Amino acid sequence: MKKGRIKIEKFARRSNQNRNETKLTNTDTQPIPISLNLSDNLQRIKEIFSDNDDFVIIHWRYGPEMKYTAFSIYFKTLIQQKELNYMKESLQDLVTHEVGPGTMITPEDVMSFFERNGASANSHRLVEDFEKVVEKVVSGHLVIFFNQWDKALSYQAIGIEMRQITEPVTEPVVKGPRESTIENLDKNLGMLRVRLQSPRFKIRTFSLKGETNTKVAYGYLDGIINPDILAEFERRIGKLNEGEILETSYIEELIEDSTYSPFPQYRYTERPDTAVAALLDGKIVVLVNGTGSILICPSRFVELLQSSEDYYQRTAYSSLIRFLRMVAFGIALTLPSLYIALSTFHPELIPTVLLLRILDTREDIPFPPFIEAFLMIFAFELLREAGVRLPRPVGAAVSIVGALVIGEAAIEAGIASPIMVIVVSLTGISSFALPQYNFAIALRILQLPFMLFATFLGGFGLMIAFILLWLHLVNLRSLGQPYLTPVEPFRPEQWRDVIIRTPLKNVLRSPRRHHMRMRTK
């Protein structure tokens, strides 16, 4: 019994069957089958789920004179519709009249009926071992055991309240669809299916080993996805045999090419329309149960400067907004370091009138430009982080008022010059103009090394920093694909949707879709 108990506890910790009904092999132990003796099954269940106050065992009887016994198990914190009689709904086809108290049913009838898959009123699954029983119960199923039957019945009965579908929080738009993904994996996949009504849209799901038994799904459009990219992705995702995956960002770090690169190699979205557009462009989408973020891979540098709203506005306006984002990218990356280089090493490049103003405002500043810029950026980052962590009604007010108060106080105290406050403010505002939040974080990380190069070597140092950055981006890969495509390697056929967004009649002429049509002929 002790040996059996150890095995059961191992199964309770490692519910390793995926929800595609694909059983993962376990070379250490064999699954423990369900016993014909109801008492033995009850004892084993009590050992597995001991010390759980929300675990419920209901004993009941059925058949002539109510002499046959059975029991049901479930977690009351997962199942909300406890009043639903799953057995009664399933057995409606077993007798020609209302089942009622079940006095006409024998164990032989039950076994024959369910083993022949006779139930039509409710979805059920036959469970043959305790490993599957554990998996079903912890995932929100109600499981029924019968005496003299070496199988159990499992019904999906989860009733956890979920967040309703609302407008996107991290990707607000003026024009376009306004629904966002939520923390329910099935509903998220359903929203993708509604928009992409094609049998070529393939979805694969699996569950990771570990305490969380997290369900993960990934999808792609067959005929459009590059087979080499799909094979590389499945090779990497196949290595995630174990791990406590709670969010899509866990998977991002586990399968990315360069963990220490500041640049994100994949994109995130909570908009179903953006995910579908990525699928049509030959991407792979990854979803994790319990999180509303969709991971899009592979990704390119130019895609981090694009937004789904670019395709809902007119061509001229979308192209102008993209140009502004690229300018914002340059400002967020280089403005503080450029100011340090010009004011310290190359004052002759500054117009005379402006140079005199800068010298006049810096006359009483006790710090060199680098220390001054570092202190102001540090204060700005603190305010930004405080605005994110504070309650939403308070956070915005604290960020705005704090920036005004600290900026004014720093000028009055002679810690920072007005021009430095303007430089840091423009840098922060420019980072807010970028669509991808994780891309803006990368620029905030790179500000410091750029400032150091500018402090010690001036313009020559900035040139070195740009060369190093370019070499890093040229060698960076996303799922093995060049990160700077179509800039490097140069692919002119893809430039119609990079710097400017050409008319949709040109953008929608995708080489991949043409290739798919040729394959189907």
Side-chain angles (χ1 to χ4, degrees), residues 167-177 180-181 247-253 255-288 291-313 318-334 381 384-385 387-388 427-447 469 472-473 476-479 481-487 494 497-501:
E167 293 190 17
V169 177
T170 59
E171 297 175 275
V173 296
V174 177
K175 186 178 180 181
S180 169
T181 53
E247 218 268 344
T248 47
S249 57
Y250 286 46
I251 296 180
E252 176 195 12
E253 185 169 340
I255 68 172
E256 65 184 355
D257 294 66
S258 179
T259 302
Y260 296 102
S261 173
F263 290 95
Q265 288 124 67
Y266 306 115
R267 286 188 293 153
Y268 286 98
T269 184
E270 58 181 15
R271 298 176 57 88
D273 58 316
T274 302
V276 170
L279 288 167
L280 292 171
D281 197 35
K283 308 291 185 180
I284 302 170
V285 296
V286 184
L287 302 92
V288 175
T291 177
S293 299
I294 299 177
L295 185 68
I296 300 175
C297 50
S299 183
R300 300 176 297 167
F301 179 85
V302 295
E303 293 172 348
L304 300 174
L305 295 171
Q306 299 172 359
S307 171
S308 60
E309 195 172 2
D310 294 348
Y311 304 94
Y312 304 142
Q313 303 285 355
S318 299
S319 301
L320 175 62
I321 294 300
R322 280 194 184 178
F323 177 75
L324 288 177
R325 292 195 197 112
M326 292 179 184
V327 173
F329 165 76
I331 292 176
L333 178 64
T334 63
E381 293 297 329
R384 181 180 351 217
E385 193 66 18
V388 172
T427 304
I429 292 172
S430 298
S431 67
F432 291 144
L434 301 176
Q436 292 288 324
Y437 178 72
N438 51 356
F439 186 50
I441 293 177
L443 300 186
R444 290 155 61 183
I445 295 173
L446 291 172
Q447 284 175 5
L469 178 63
H472 172 69
L473 290 175
L476 192 60
R477 295 291 185 269
S478 177
L479 274 184
Q481 303 301 305
Y483 192 59
L484 284 182
T485 306
V487 179
Q494 298 182 17
D497 193 25
V498 177
I499 298 178
I500 63 172
R501 201 269 285 170

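Note that this is a predicted model, so its numbers are computed, not measured.
When all heavy atoms of Thr485 and Gln494 are compared, the pair lying nearest together is CG2-OE1, 3.8 Å. Listed here is the closest heavy atom pair of Val286 and Thr248: O-CG2, 4.0 Å. The minimum heavy-atom distance between Arg322 and Asp310, with the atom names listed, is NE-OD2, 3.0 Å. When all heavy atoms are compared, the tightest approach of Ser299 to Ser478 is N-OG, 3.0 Å. Across every non-hydrogen atom of Ser318 and Arg501, the tightest pair is OG-NH2, 3.7 Å. Between Pro272 and Thr181, the closest heavy-atom pair is CG-CG2, 4.2 Å.
Within the 4.5 Å cutoff, the side chain of Pro298 has no heavy atoms near those of the Arg477 side chain. For the pair Arg271 and Ser180, the minimum side-chain heavy-atom distance is 4.5 Å or more. Looking only at side-chain heavy atoms (C-beta outward), Pro435 and Leu304 stay at 4.5 Å or farther from each other. When side chains are defined from C-beta on, Tyr268 counts as touching Leu295, because their heavy atoms get closer than 4.5 Å. Side chains of Asp281 and Glu303 form a contact here, defined as non-hydrogen atoms less than 4.5 Å apart. Side-chain contact between Leu469 and Leu333: present, with at least one pair of heavy atoms (C-beta onward) separated by less than 4.5 Å. At least one side-chain heavy atom of Leu479 sits under 4.5 Å from a side-chain heavy atom of Cys297. With a 4.5 Å cut-off on side-chain heavy atoms, Tyr266 and Ile284 do not count as touching.
Taken from OH in Tyr250 to CD1 in Ile255, the straight-line distance is 15.5 Å, to the nearest 0.5 Å. Taken from CD1 in Ile445 to OG in Ser261, the straight-line distance is 9.0 Å, to the nearest 0.5 Å. Rounding to the nearest 0.5 angstrom, the gap separating the CD atom in Glu252 from the OG1 atom in Thr259 is 9.5 Å. Note that CG of Leu476 and CD of Gln265 are 4.5 Å apart. Values are rounded to the nearest 0.5 Å. The CG atom of Leu443 sits 12.0 Å away from atom CD1 of Ile331, with the distance rounded to the nearest 0.5 Å. Distance check, rounded to the nearest 0.5 Å: CE of Met326 to CD1 of Ile321 gives 12.5 Å.
Inspection of the Arg267 and Thr274 side chains reveals no N or O donor paired with an N or O acceptor under 3.5 Å. Using a 3.5 Å distance cut-off with no hydrogens or angles, the side chains of Thr269 and Glu171 do pair a donor with an acceptor. For the residue pair Tyr311/Asp273, the side-chain donor-acceptor check at 3.5 Å is not satisfied. Between Ser249 and Glu247, the side chains place a donor N or O and an acceptor N or O closer than 3.5 Å (distance only, hydrogens not considered). In this structure, a donor-acceptor pair under 3.5 Å is present between the side chains of Thr170 and Glu270.
When the side chain to side chain donor-acceptor pair (under 3.5 Å) test is applied to Gln306, no partner is found at least two apart in sequence or on another chain. Remark: Phe439 pairs with Phe301, Phe329 by the ring pair (Phe, Tyr, Trp, His ring centres under 6.0 Å) rule, at least two apart or across chains.
Summarising the local packing, OH of Tyr312 is surrounded by more than 12 heavy atoms from other residues, nucleotides or ligands at distances under 6.0 Å.
Judged purely by atom type and a 3.5 angstrom limit, Gln436 has no side-chain atom pairing as donor or acceptor with the backbone of Leu434. With hydrogens and angles disregarded, no donor-acceptor distance shorter than 3.5 Å links the side chain of Lys283 to the backbone of Ile296. Side-chain atoms of Glu309 do not come within 3.5 Å of backbone N or O of Gly176 as any donor-acceptor pair.
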Item checked: Worked check of side-chain contact (heavy atoms from CB on, under 4.5 Å) between Phe432 and Arg384 -> CA-CA 11 Å; Phe432 291 144; Arg384 181 180 351 217; 3.0 Å; yes
